[in-house]
Visitor: 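Just dropping this structure here.
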Protein chains: 2
Amino acid sequence: MDGMTLEAPTQTRPGGRSARVRAAVHRAAQELLAGGPADALTIPLIAAGAGVHPTTVYRRWGTLGELLADVASSRFSGGLVVPDTGSLRGDLEQWAAGVATDLRDPKTLAIMRAAIGAAGVEGGSACVADRHEQLEAMLERARCAGETDVPDREQAADALLGPLYYRAIFGEQPGSPAWARGLVPRLLG
Amino acid sequence: MDGMTLEAPTQTRPGGRSARVRAAVHRAAQELLAGGPADALTIPLIAAGAGVHPTTVYRRWGTLGELLADVASSRFSGGLVVPDTGSLRGDLEQWAAGVATDLRDPKTLAIMRAAIGAAGVEGGSACVADRHEQLEAMLERARCAGETDVPDREQAADALLGPLYYRAIFGEQPGSPAWARGLVPRLLG
DNA sequence: CTTCTAACGCATCGATCGTTGCATCAAGGA
DNA sequence: TCCTTGATGCAACGATCGATGCGTTAGAAG
């Protein structure tokens, strides 16, 4: 539901030290982002929060931007199950509501903002890459099921992810799950 | 067309020293953002680029986040003329194309990303506040002109600004003006 | 059990950041 | 013209950042 991958670091091996360090750093970065101002986030701070030497972070990630892009990529991969209600409309409504719910978490928003600011284009696409894949999976399944007038992924992303993420980033408050469901009729007619 | 307000700093008075410093700092911040990585942007760097002492910037803006929010606010205020084609549909199409054109400028994107990253919610709303006012103006004019089925501002923002800004921030490449025009029928039917 | 390699911790260094107290200067008003 | 006030320049200062060389350790391979 929330996309956290902390307790299942499938990176290399769950028990490895590298994986532990990586998970600790990711967690510390997210906690610091949720707590303080984003422009006060530095690598030594994250390292201290993770109980790791700053040198380790510098060597593994290099810059804060790369680290945040990595955090965003992990945070926004998996965690949201692609629904299967039997109809494309139902799938999209449930999925949009799930995305909206995820976008209500202040920690999620903080990571997104930081990744966008520090990692540029890479940070932005890291936040939505998995969402696009999920969307494509639902549309493809609908096509295979013989549904008619299935939009392509770009149209669907414009109509659903566009308003969702626009409100999350630029709006005062993100949209509600109910409102997100209402976006689907605008796409499917 | 591009929203720059550099040559007309209507802040207090065009000739004042404060206004000159403010304009120089704004210009330096935008130039550095367009040139280098965003996480390397610091107040002393901006001050040096503006030919101003860092102390001045610290005292006037305090943090990098507040400065970037101010830059974004200036950059995205005015500069885009609200069209008056006679019909709401034509107004919205021309306006959306103008927004799309503005969003194709890498400097514009750099400012937006930096403001979002460093200034949080304030930075985000600073980027779109003026767009919402322009939208409201067009919709209100259409209502007064007796047009029927005029959507409210939230619906219009979701359908137009949503996809436009979503592609600009999260997409690999921003949308074209022609594509932006195509968003209007999805709103008006 | 031994060995090997990659990752981590540690100490140190220079550079830069952000702050503060004080002097100076530009603009507007009497 | 002179004066008042707010903004800016200047020069310190401590704190922190980011990089580097080297020793040590964890984990996997044999």
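Here the structure is a predicted model, which is why all the values come from computation and not from measurement. Residue numbers start from 1 in every chain, and the chains themselves are labelled A, B, ... in the order their sequence lines are given, proteins ahead of strands.
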Visitor: To the nearest Å, give me how far apart CG (Leu45(A)) and C1' (dA15(D)) are.
Guide: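 One finds 12 Å between C1' of dA15(D) and CG of Leu45(A), rounded.
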Visitor: Rounded to the Å, how far apart are Asp39(A) CG and dG18(C) P?
Guide: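 These atoms are roughly 9 Å apart.
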Visitor: Taking the axis from the first five pairs and the axis from the last five, what angle separates them in the helix from dC1(C)-dG30(D) to dA30(C)-dT1(D), rounded to 10 degrees?
Guide: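 The end axes of the helix from dC1(C)-dG30(D) to dA30(C)-dT1(D) are about 30° apart, to the nearest 10°.
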Visitor: Look at the aromatic rings of Tyr166(A) and Tyr165(B) and report parallel, tilted or perpendicular, splitting at 30° and 60°.
Guide: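 Correct class here is tilted.
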Visitor: For the side-chain contact (heavy atoms from CB on, under 4.5 Å) test, which of Leu92(B), Asp158(B), Leu88(B) pairs with Leu187(B)?
Guide: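 Of the listed residues Leu92(B), Asp158(B), Leu88(B), the side-chain contact (heavy atoms from CB on, under 4.5 Å) partner of Leu187(B) is Leu92(B).
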Visitor: Starting at atom CD1 of Ile43(B), determine the distance to atom P of dT19(C), rounded to an integer number of angstrom.
Guide: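 Those two atoms, CD1 and P, are 8 Å apart.
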Visitor: Take the protein atom CZ of Arg20(A) and the nucleotide atom C1' of dT25(D), then report the distance between them rounded to whole Å.
Guide: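 For the pair Arg20(A) CZ and dT25(D) C1', the rounded distance is 12 Å.
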Visitor: Could you state the atom-to-atom distance from CG of Leu41(A) to P of dC17(D) in whole Å?
Guide: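 After rounding, the gap between these two atoms is 10 Å.
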Visitor: For residues 64-71 of chain B, which side-chain donor-acceptor pairs fall under 3.5 Å, sequence neighbours excluded?
Guide:
from: Glu66(B); atom 1: OE2; to: Thr63(B); atom 2: OG1; distance (Å): 3.4
from: Asp70(B); atom 1: OD1; to: Arg22(B); atom 2: NH1; distance (Å): 3.2
from: Asp70(B); atom 1: OD2; to: Arg22(B); atom 2: NH1; distance (Å): 2.8
from: Asp70(B); atom 1: OD2; to: His26(B); atom 2: NE2; distance (Å): 3.0
from: Asp70(B); atom 1: OD2; to: Trp61(B); atom 2: NE1; distance (Å): 3.0

Visitor: If you compare every side-chain N and O of Tyr58(B) against the phosphate oxygens of dT19(C) (OP1, OP2), does one of them come in below 4.0 Å?
Guide: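 For Tyr58(B), the contact criterion (side-chain N or O under 4.0 Å from OP1 or OP2 of dT19(C)) is not met.
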Visitor: Any side-chain heavy atom of Thr85(A) sitting closer than 4.5 Å to one from Trp95(A)?
Guide: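 They are not in contact (no side-chain heavy atoms under 4.5 Å apart), so the answer is no.
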Visitor: Could you state the CZ-C1' distance from Arg22(A) to dC8(C), rounded to the nearest angstrom?
Guide: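 Answer to the nearest Å: 17 Å.
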Visitor: Write down the atom of His132(A), the atom of Ala157(A), and the distance for their closest heavy-atom approach.
Guide: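 Here His132(A) and Ala157(A) meet closest at NE2-CB, 4.0 Å.
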Visitor: Can you tell me whether the side chain of Arg59(A) and the base of dG9(C) have a donor-acceptor pair closer than 3.5 Å?
Guide: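 Between dG9(C) and Arg59(A), which were checked side chain against base, a qualifying N/O pair under 3.5 Å is present.
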Visitor: Checking all strands, does Thr55(B) fall into the base, sugar-phosphate, or nothing category for heavy-atom contacts under 4.0 angstrom?
Guide: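 The answer is base, as Thr55(B) lies within the cut-off (heavy atoms under 4.0 Å) of a base atom.
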Visitor: What is the distance from NE2 of His53(A) to C1' of dG21(D), rounded to the nearest Å?
Guide: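 Going from His53(A) (NE2) to dG21(D) (C1'), I get 13 Å.
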Visitor: Roughly how many Å is it from CG in Leu64(A) to C1' in dC17(D), rounded to a whole number?
Guide: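 Atom-to-atom, Leu64(A) to dC17(D), this comes out as 12 Å.
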